[in-house]
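Structure first, commentary second.
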Amino acid sequence: MADSPSNVSSPASTDAGNPTDLTDPHAARRHKLEEIIKRGIDPWGSRFDDRLLVGQCRDRIGEIQFQTADGRTLELPDVESEEVDYRQWKSDNGPGEEIGPKVRVAGRILLSRDNGKLIFANIRDWTGDIQIFVGKNQVGEENFDLAKLLDLGDLIGVEGRLGRTNTGELTVFAEEVTLLTKMLEVPPEKHAGMTNTELRQRMRYADLAFNDGVMQTFLDRTKIIKSVRRTLDDQGFCEVEGPTLHTVPGGAAARPFETHHNALDMKLTMRIALELHLKRLMVGGMERVYELGRVYRNEGLSPRHNPEFTMIEIYQAYGDYESMMDLTEKIICDAIDQIGGGYVREFNGQQVDFTPPFQRQTYAALFEKATGVDPSDEAAVIELAKKLHLETAGKHPDVIRNEIFEEKVEDSLQGPIFVTDYPASICPLTKRKRGNPDIAERFELFICSMELANAYTELNDPDLQEELFKTQLDGLEEEDSMAKMDHDFVRALRYGMPPAGGLGIGIDRLVMVLTNSKSIRDVILFPVLRPE
């Protein structure tokens, strides 16, 4: 039992003429709070040392044994097997008792069944659930009275023996119960959970606490990010931190968020990409460099888009876009190895096989296969665009080709597939293919029609880069164009950037795919939402 609190005040007493309506679940919880405080117990708890996580308790299952009356100590059978009747097994081995290690666990009450002098409850920590058995004879009257005042959602600590019930369920047989925090809100109904999608995203704390599988998704996200860093660190890459406030929103085609710096009286934007500052570092001699961080784009919302998201950009001197394909495969496969589940995984109702090497196809070949039109036949491309009701007047041919590609090809890409060799004019930061200046050495990785990664053989010709920054393609909206002049970046290229491969991966989308999550908002802890 907790010591008497010195800093807890009781809620205001209910007027005698207005008794508490205990059928109101919120009022009933407040009433129990009052009763707990009256007993001199701090309802907000204190430190609870030497606890084991539920996962650690499961690691100690082998310490649970059965000691017979004649002094033999027996290992337990596989009681979780459907073929084993644990009650019958104990009966077959004659009189005796189960023995097991003493443990201290803490967690949130998710289920509770009160049988008078016995209470069975399930508690959860961030490694799993475990059953708790609280008997009046085992914990004493005072501690049992406290257990009677507990509600679903309360946080408790339990000390007792780790063992098995007659049905074989792993259980902590309580010897002492400690209230660690009283929950005053009413939890969602157990079997339905929180079903309102926006409410789940707005109240992520409740989503994590009460909806099955949510915690594991975000723990897997952490494992994936750690794996990505480990893969790169093991290959000699250096992690850096670039600025999030930019004077030129470069490195991607996106509309930025704008802000103003008062002291300098200057307009700034939140970064839309990490690229151009990382390339500056390569000029300076940092040959393998990456940044994993937040990026901000002032655009619409969808199951695949959030205004702020996490991405990683990676640059390798003396590499090219094929080097980046190999690296991409390794990053993804290492992440799968880290979270488990195998290379054949389900995403969005489809089976995706991540066994390397991933498929590779050129942009032109996929275009022709999906449309029956040779993308180099400009007249046929324009005719196809008109059949698809796409505007063609005043548009650069490559803009038209890419709109057709997005319309007819991307949705058919099951993947994982590297789409390579894009039209050069829509890739102003990319080196041209040797012997064919109309093609850029670029790939995008698609999985279930969703772009997951984008990579280039980086353009390091300062004069060509300056020219391309000045070139706005006909028919391309400004926010869809990367033609944004950055004079300092061009100056940096004049100091000499080594030939290099560059890669960007959307971390949120990678987590979506590897955890089979339908929406990007399901893998971002706190996505952008309208105010309540």
Is [Y] paired with [X] through a side-chain N to carboxylate O contact shorter than 4.0 Å?
X: Arg304; Y: Glu451; answer: no
X: Glu258; Y: Lys267; answer: yes
X: Lys102; Y: Glu175; answer: yes
X: Arg47; Y: Asp49; answer: yes
X: Glu159; Y: Arg104; answer: yes
X: Asp24; Y: Arg30; answer: no
X: Glu291; Y: Arg271; answer: yes
X: Arg230; Y: Asp334; answer: no
X: Arg39; Y: Glu35; answer: yes
X: Arg108; Y: Asp154; answer: no
X: Arg204; Y: Asp522; answer: no

Which atom names give the shortest non-hydrogen contact between [X] and [Y], and what distance separates them?
X: Ile314; Y: Met324; value: O-SD, 4.3 Å
X: Asp151; Y: Ile109; value: O-CD1, 3.7 Å
X: Pro188; Y: Met194; value: CG-CG, 3.7 Å
X: Leu150; Y: Leu179; value: CD2-CD1, 3.7 Å
X: Lys148; Y: Gly116; value: NZ-O, 2.9 Å
X: Pro243; Y: His277; value: CG-NE2, 3.6 Å

Heavy-atom neighbours of [X] [atom1] exceed 12 at 6.0 Å:
X: Trp89; atom1: CH2; value: yes
X: Lys223; atom1: NZ; value: yes
X: Glu346; atom1: CD; value: yes
X: Glu241; atom1: CD; value: no

Worksheet entry | Row check, Tyr86 ring normal vs Arg164 NZ/CZ: under 6.0 Å, within 45° |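 No; the conditions do not both hold, so Arg164 does not lie above the ring face of Tyr86.
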Worksheet item: Can Ser227 and Gln338 be said to form a side-chain hydrogen bond (donor to acceptor under 3.5 Å, both in side chains), step by step?
Response: CA-CA 7 Å; Ser227 173; Gln338 183 63 36; 5.2 Å; no
Interatomic distance, [X] atom [atom1] to [Y] atom [atom2] [nearest 0.5 angstrom]:
X: Leu278; Y: Cys238; atom1: CG; atom2: SG; value: 10.5 Å
X: Gln138; Y: Glu176; atom1: CD; atom2: CD; value: 14.0 Å
X: Ile417; Y: Phe446; atom1: CD1; atom2: CZ; value: 9.5 Å
X: Ile312; Y: Leu274; atom1: CD1; atom2: CG; value: 9.0 Å
X: Leu208; Y: Arg200; atom1: CG; atom2: CZ; value: 9.5 Å

Worksheet item: Among all residues two or more places apart in sequence or in another chain, which pass the side chain to side chain donor-acceptor pair (under 3.5 Å) test with Lys226?
Response: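 Lys226: no side chain to side chain donor-acceptor pair (under 3.5 Å) contacts found.
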Non-hydrogen side-chain atoms of [X] and [Y] separated by less than 4.5 Å:
X: Leu52; Y: Arg60; value: yes
X: Val214; Y: Thr217; value: no
X: Ile130; Y: Ile132; value: yes
X: Ile331; Y: Leu232; value: yes
X: Thr195; Y: Glu189; value: no
X: Met270; Y: Leu245; value: yes
X: Thr231; Y: Arg229; value: no

Fill in: Step-by-step side-chain hydrogen bond (donor to acceptor under 3.5 Å, both in side chains) determination, Tyr290 to Asp233
CA-CA 10 Å; Tyr290 74 92; Asp233 294 346; 2.9 Å; yes
Discussion item. Show every ring-ring contact (aromatic ring centres under 6.0 Å, His included) that has at least one partner inside residues 506-532, sequence neighbours left out.
Written reply: none
Worksheet entry | Aromatic plane relationship, Phe173 with Phe133 - under 30° parallel, 30 to 60° tilted, over 60° perpendicular |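 If you compare the ring of Phe133 with that of Phe173, the planes turn out tilted.
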Item to complete: Can you spot which of Asn348, Asp220, Asp508, Val523 makes a side chain to side chain contact (heavy atoms under 4.5 Å, CB included) with Ser517?
Response: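 Only one of Asn348, Asp220, Asp508, Val523 forms a side chain to side chain contact (heavy atoms under 4.5 Å, CB included) with Ser517, namely Val523.
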Worksheet item: Quick one: which of Asp114, Asn115, Leu111, Val134 gives a side chain to side chain contact (heavy atoms under 4.5 Å, CB included) with Phe120?
Response: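 Per the side chain to side chain contact (heavy atoms under 4.5 Å, CB included) rule, the option paired with Phe120 is Asn115, out of Asp114, Asn115, Leu111, Val134.
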Worksheet item: Can you list the steps and then say if Val79 with Glu169 is a side chain to side chain contact (heavy atoms under 4.5 Å, CB included)?
Response: CA-CA 8 Å; Val79 298; Glu169 184 167 356; over 6 Å; no
Discussion item. So if I apply the salt bridge (Lys or Arg N to Asp or Glu O under 4.0 Å) rule between Glu98 and each of Arg161, Lys90, Arg87, which one comes out positive?
Written reply: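 The single option meeting the salt bridge (Lys or Arg N to Asp or Glu O under 4.0 Å) with Glu98 is Arg161.
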Item to complete: Please lay out, stage by stage, how Gln316 and Glu287 fare under the test side-chain hydrogen bond (donor to acceptor under 3.5 Å, both in side chains).
Response: CA-CA 6 Å; Gln316 178 179 331; Glu287 296 183 1; over 6 Å; no
